[in-house]
Amino acid sequence: MSQLHELSKPFPQQLIKQKPGKFAAAYVEHSVISQRLLEVVGPHSFEVKQAISNSDGTVTGCLAALSCVIDGFPVVVVEVGDEENPSPNNASNLKTAASDALKRCAMRLGVGLHLWSGDNYYLNKSLEKREQLAD
């Protein structure tokens with residue numbers, strides 16, 4: 001099975017949580033995303049490139065990059081993460097934004113993409129079919 005196919009596998013239901021509130025959404029925790037990346041691609045690099053602040057200096061997001069090798073090809077994904085409810089603690093805000101950015105970078109590699117796609121998710125089955133045809 002290719003690494004891309006492994007990355008695209010949907011998470012088991014017991015790892016999926018529901019975000020409370022008006023904009024409820026399904027998600028998996030940062031630690032689960034990190035485990036999938038380590039399990040499939042092994043060591044990788046994640047770097048916060050830039051903190052994003054509002055006019056009063058409160059950190060509200062960041063720009064970050066995830067670098068890894070997938071199926072023998074070096075890949076760099078750059079994404080933005082945000083802190084939806086910034087506190088006065090900029091370090092905490094940056095940590096939350098970096099966690100969000102990592103999840104978004106991983107999503108660009110197929111990790112947890114089924115949570116964003118919902119009923120329109122087909123990548124995992126498409127990659128499985130491609131591998132079966134190649135055998």
Side-chain angles (χ1 to χ4, degrees):
M1 180 180 293
S2 72
Q3 287 177 305
L4 184 60
H5 185 191
E6 288 185 57
L7 289 168
S8 75
K9 286 173 146 177
F11 287 106
Q13 194 60 43
Q14 69 266 22
L15 296 177
I16 300 172
K17 301 193 181 237
Q18 198 67 30
K19 194 174 179 181
K22 185 177 176 182
F23 300 106
Y27 74 98
V28 293
E29 294 179 340
H30 173 269
S31 61
V32 174
I33 299 291
S34 292
Q35 288 178 75
R36 174 71 58 91
L37 287 170
L38 288 166
E39 173 187 35
V40 177
V41 301
H44 54 277
S45 172
F46 180 74
E47 179 183 359
V48 173
K49 298 287 198 179
Q50 177 184 350
I52 300 168
S53 302
N54 65 15
S55 60
D56 72 2
T58 301
V59 172
T60 57
C62 72
L63 184 67
L66 172 65
S67 303
C68 58
V69 176
I70 299 175
D71 296 322
F73 295 96
V75 177
V76 178
V77 179
V78 178
E79 261 293 353
V80 174
D82 74 340
E83 164 54 271
E84 293 175 2
N85 302 301
S87 74
N89 183 335
N90 275 341
S92 179
N93 294 344
L94 185 56
K95 185 173 101 171
T96 301
S99 177
D100 186 50
L102 176 67
K103 288 180 181 184
R104 293 187 59 77
C105 286
M107 179 265 302
R108 300 287 180 215
L109 304 175
V111 179
L113 185 55
H114 62 102
L115 300 170
W116 275 276
S117 299
D119 292 339
N120 294 321
Y121 186 68
Y122 68 87
L123 179 62
N124 185 50
K125 289 185 188 326
S126 176
L127 292 171
E128 185 176 333
K129 185 183 280 187
R130 181 190 303 173
E131 288 178 1
Q132 288 172 350
L133 291 173
D135 286 342

Testing the 3.5 Å rule here: is there a donor-acceptor pair between the side chains of Ser87 and Asn93? yes
Of all heavy-atom pairs between Pro86 and Thr58, which one has the smallest distance, and what is that distance? CB-CG2, 3.6 Å
Measure the shortest side-chain to side-chain distance between Leu66 and Leu37 over non-hydrogen atoms and say whether it is less than 4.5 angstrom. yes
To the nearest 0.5 Å, tell me how far Leu113 CG sits from Trp116 CH2. 8.0 Å
Given a cutoff of under 4.5 Å between side-chain heavy atoms of I, L, V, M, F, W and Y, with clusters grown through shared members, what are the other residues clustered with Tyr122? none
So do Arg36 and Glu39 actually touch side chain to side chain, heavy atoms under 4.5 Å? yes
Should we count CG of Asp119 as having more than 12 external heavy atoms under 6.0 Å? no
Linking Ile, Leu, Val, Met, Phe, Trp and Tyr through side-chain heavy atoms less than 4.5 Å apart, which residues share a cluster with Met1? none
Just distance, no hydrogens or angles: give the donor-acceptor pairs under 3.5 Å from side chains in residues 42-52, sequence neighbours left out.
residue	atom	partner	partner atom	Å
His44	ND1	Gly42	O	3.0
Glu47	OE1	Lys49	NZ	3.4

Got Leu127 and Arg130 here, is their nearest side-chain heavy-atom distance under 4.5 Å? yes
same_hphob_cluster(Val78, Ile33) at 4.5 Å side-chain heavy-atom cutoff: no
Side chain of Asn90, backbone of Ser53: donor and acceptor closer than 3.5 Å? no
Just how far is it from atom CD of Glu6 to atom CD1 of Ile70, taken to the nearest 0.5 Å? 11.0 Å
Distance from Leu4 atom CG to Leu123 atom CG, nearest 0.5 Å? 6.0 Å
In chain order, what residues pass the side-chain hydrogen bond (donor to acceptor under 3.5 Å, both in side chains) check against Ser126, with sequence neighbours excluded? none
Identify all side-chain donor-acceptor contacts of residues 97-111 below 3.5 Å with residues at least two apart in sequence or on another chain.
residue	atom	partner	partner atom	Å
Asp100	OD2	Asp82	N	2.9
Lys103	NZ	Val28	O	3.1
Arg104	NE	Glu79	OE1	3.1
Arg104	NE	Val80	O	3.4
Arg108	NE	Glu79	OE2	2.7
Arg108	NH2	Glu79	OE2	2.7

Between the side chain of Glu131 and the main-chain N/O of Ser2, is any donor-acceptor distance below 3.5 Å? yes
For residues 7-16, which side-chain N or O atoms pair as donor and acceptor with protein atoms under 3.5 Å away, sequence neighbours left out?
residue	atom	partner	partner atom	Å
Ser8	OG	His5	O	2.8
Ser8	OG	Asn124	OD1	3.3

Check whether any side-chain N or O of Asn54 sits under 3.5 Å from a backbone N or O of Thr60 as a donor-acceptor pair, and report yes or no. no
